[in-house]
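One structure is given below, encoded as structure tokens.
Values reported hereafter were calculated over all heavy atoms of this structure, with side chains retained and with hydrogens, waters and symmetry mates removed.
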Amino acid sequence: MAKNINPLVDGFRIGDLINEDGVMFEIGDDINNNEDDEEFSYSPHVQFSNEEMLNMLNMNSIEDEDEDEKETVSLCGMSFSKLKTKMTSLTPNGKVMKYVKQRGVGEIIPNNAQAIVHYIGYFEYRDEPFDSTYSIGKPRSLRLGQSFIIPGLEIGIRSMQKHEIAIFLIHPDYAYKAVGCPPRIPPNEEVIFVVQLVDYIDDGCAQTYKNFTEEEKQSFRYVVQPVKHMFVAAKDYCTKFNYKQAIREYRKIADCLESIKLQNDLEEKEMSELLSRAYTNLGICHNKENMPTKACLALRKVPKPTAKSYYHYGQALLNIGEYNEAMKAFQKAWVLEPHDDSIRKAIRITNVKQREYLEIEKRLWKNCFRSNEEQIKVNEFRKAARDLCERLINSNDAVRQNLSEGFTKEEYEIIREEAAILGLNVVTSVRYGKETIFLQKSKS
């Protein structure tokens with residue numbers, strides 16, 4: 001009997017290959033899967049078996065639509081020839097057939113889109129599927145137009161609308177051909193795929209950018225379409241709360257646009273709008289990831305600021321304790337959108353935080369000591385410094401707080417001591433020749 005080996009887990013020896021009984025390799029995606037008894041091993045994330053999922057999708061039977069004859073054809077273990085009578089051909093030679101079980105909505109999926117699908121693959125007269133996304137508990141993302149999937153399945157998916165459920169019967173010439181993929185897929189075997197198009201992302205054109213020449217990458221007419229598709233991908237990451245990946249996409253967009261050599265005013269206008277959109281969304285994502293300093297850097301680069309960009313710039317400034325600048329940003333947003341309640345609320349919050357900080361700052365200055373005769377004020381100064389630190393710690397949004405200029409070395413040392421006791425960092429930053437000292441929360 002042939003020895004069954006998973007080469008990714010067990011490895012193999014030359015002796016296994018020359019053994020007269022032969023050797024059978026098991027190929028799979030999960031290198032940590034040690035289940036040998038089941039074709040699809042148990043996963044705690046799987047909520048339905050393949051049969052339960054077919055029942056839920058109402059796919060276990062297909063009724064004959066002829067009113068005079070109500071014949072039911074079982075999908076599992078069915079005769080393909082009987083099924084073909086109910087299907088339409090997607091190719092002139094009839095080698096890719098389709099039956100729509102549930103109609104979709106919207107436009108047909110674009111040819112180079114990223115399709116998110118659930119599917120189950122069957123052979124004729126078999127009770128168990130040879131492949132199924134339901135067995136791994138989540139849909140698969142398939143890039144069309146890149147030869148990543150068998151031709152017949154790609155032809156089928158390209159005919160679908162979002163949320164459509166369809167059955168595709170595929171000839172071996174458009175499936176696994178005469179070779180097959182032993183032992184799971186025999187040679188010259190017709191296959192059926194039940195496919196549900198969960199969603200798609202029309203970002204395929206974004207993939208072409210990397211194939212451009214350097215000259216093409218500097219031309220607006222070449223870059224504009226891939227950039228628009230990059231926006232689609234970035235937005236999809238945001239809707240899935242994957243802000244780190246969205247940040248990468250928006251940075252890529254900004255880098256693409258910044259390298260363009262513009263030819264006329266029309267290109268400059270459209271480029272400015274795209275760049276403003278990219279930097280605004282980049283700043284928003286940095287704010288979502290609690291990186292206000294990087295958010296500020298991105299939002300300062302917005303060529304055509306809007307109420308939205310000013311608002312998020314103000315939020316970033318508020319979170320690093322730049323209350324005066326934050327107020328200016330919120331007020332600019334308010335001028336552009338005077339009826340926006342979120343801007344009004346942000347101005348009110350900034351005003352409160354600004355007053356609280358000024359009160360603590362007054363106490364610090366009142367109790368600062370300039371000579372040995374005023375040492376009695378040390379305790380009050382220390383208490384004010386501690387209150388300043390605790391105020392930063394108790395803030396859910398702020399990550400740092402600037403310190404006023406003019407304190408003595410000894411006074412700064414007291415602030416450092418109180419910050420260290422409470423787990424804050426004291427950071428010195430030099431920008432444009434000016435030194436700024438601020439308290440900052442630990443990243444841990």
Side-chain angles (χ1 to χ4, degrees), residues 29 53-54 57-59 62 75 80 83-124 129-134 136 138-177 179-181 185 189-211 225-237 239-240:
D29 295 328
M53 184 54 63
L54 287 174
L57 297 175
N58 193 23
M59 293 298 298
I62 302 175
L75 180 62
F80 282 8
L83 178 61
K84 286 179 182 177
T85 63
K86 306 174 185 300
M87 306 182 86
T88 57
S89 179
L90 296 179
T91 58
N93 55 16
K95 291 187 176 182
V96 181
M97 308 287 287
K98 177 180 181 179
Y99 179 91
V100 177
K101 182 62 181 177
Q102 174 180 296
R103 294 189 182 278
V105 295
E107 301 293 328
I108 299 294
I109 183 171
N111 288 342
N112 57 357
Q114 184 176 334
I116 294 91
V117 296
H118 260 308
Y119 64 81
I120 303 176
Y122 281 93
F123 297 124
E124 190 171 24
F130 68 88
D131 195 6
S132 170
T133 58
Y134 297 110
I136 60 175
K138 61 181 181 180
R140 280 190 65 184
S141 177
L142 303 174
R143 171 68 65 187
L144 301 182
Q146 301 291 325
S147 301
F148 291 154
I149 53 180
I150 60 173
L153 183 56
E154 172 139 348
I155 291 170
I157 293 175
R158 284 186 177 187
S159 72
M160 299 182 75
Q161 297 169 288
K162 191 181 294 187
H163 306 314
E164 180 180 326
I165 300 174
I167 304 171
F168 300 105
L169 179 56
I170 304 172
H171 187 274
D173 290 349
Y174 286 74
Y176 301 100
K177 304 186 184 295
V179 178
C181 190
I185 300 172
E189 191 84 22
E190 276 191 311
V191 296
I192 267 187
F193 279 96
V194 181
V195 180
Q196 178 186 11
L197 182 57
V198 179
D199 200 356
Y200 65 80
I201 307 169
D202 186 11
D203 66 339
C205 191
Q207 303 297 312
T208 64
Y209 178 83
K210 61 184 179 182
N211 298 323
Q225 201 59 38
V227 160
K228 288 180 178 179
H229 281 229
M230 291 178 198
F231 273 113
V232 174
K235 182 179 179 181
D236 182 65
Y237 286 124
T239 58
K240 296 173 181 175

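No side-chain heavy atom of I109 sits under 4.5 Å from any side-chain heavy atom of K162. For the pair V117/V198, no side-chain contact is recorded, criterion being any heavy-atom separation below 4.5 Å from C-beta on. Residues M87 and I167 have side chains in contact (heavy-atom distance under 4.5 Å, counting atoms from C-beta outward). Taking 4.5 Å as the limit, some side-chain heavy atom of F193 sits within range of a side-chain heavy atom of I150. Considering only heavy atoms from C-beta on, V96 stays 4.5 Å or farther from H171 through its side chain.
Shortest non-hydrogen contact noted between P151 and A175 is CD-O, 4.5 Å. Of all heavy-atom pairs between K138 and H118, the closest is C-CE1, 3.4 Å. Contact record, M97 with K84: CE-O, 4.0 Å, taken as the closest heavy-atom pair. In terms of heavy atoms, P139 sits closest to T133 at CA-CB, 4.4 Å. Closest approach of Q161 and V105 over heavy atoms only: CB-O, 3.5 Å. Between R140 and Y119, the shortest heavy-atom contact is NH1-OH, 3.0 Å.
Distance check: D131 CG to I185 CD1 gives 7.0 Å after rounding to the nearest 0.5 Å. Remark: H163 NE2 to Y200 OH distance equals 9.5 Å, nearest 0.5 Å.
At a threshold of 4.0 Å, the pair K95-E190 does not count as salt-bridged, since none of the basic side-chain nitrogens sits closer than that to a carboxylate oxygen. Under the 4.0 Å criterion applied to side-chain N and carboxylate O atoms, E189 and K177 are not assigned as salt-bridge partners.
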Point to revise | Working for side-chain contact (heavy atoms from CB on, under 4.5 Å), residues L144 and N111 | key: CA-CA 6 Å; L144 301 182; N111 288 342; over 6 Å; no
Exercise for review: Could you please spell out the steps behind the side-chain contact (heavy atoms from CB on, under 4.5 Å) verdict for L197 and I165?
Suggested key: CA-CA 7 Å; L197 182 57; I165 300 174; over 6 Å; no
**Study point:** Chi angles and distances behind the ring-ring contact (aromatic ring centres under 6.0 Å, His included) call for F130, Y122
**Key:** CA-CA 6 Å; F130 68 88; Y122 281 93; 8.1 Å; no
Practice item. Decide side-chain contact (heavy atoms from CB on, under 4.5 Å) for L90 and F168; before the verdict, give the C-alpha distance in whole Å, the side-chain angles of both, and the deciding distance to 0.1 Å. Key: CA-CA 9 Å; L90 296 179; F168 300 105; 3.9 Å; yes
Review point. Can you check side-chain contact (heavy atoms from CB on, under 4.5 Å) on Q196 and E164, steps first, answer last?
Key: CA-CA 6 Å; Q196 178 186 11; E164 180 180 326; over 6 Å; no
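With S159 contributing its side chain and G156 its backbone, the two residues share a donor-acceptor pair below 3.5 Å.
Paired with I170 under the rule side-chain contact (heavy atoms from CB on, under 4.5 Å), one option of I192, L153, T91 passes, and it is L153.
Within a 6.0 Å sphere centred on NZ of K235, heavy atoms belonging to other residues, nucleotides or ligands number 12 at most.
A donor and an acceptor atom, one from each side chain of N93 and Y174, are located under 3.5 Å apart.
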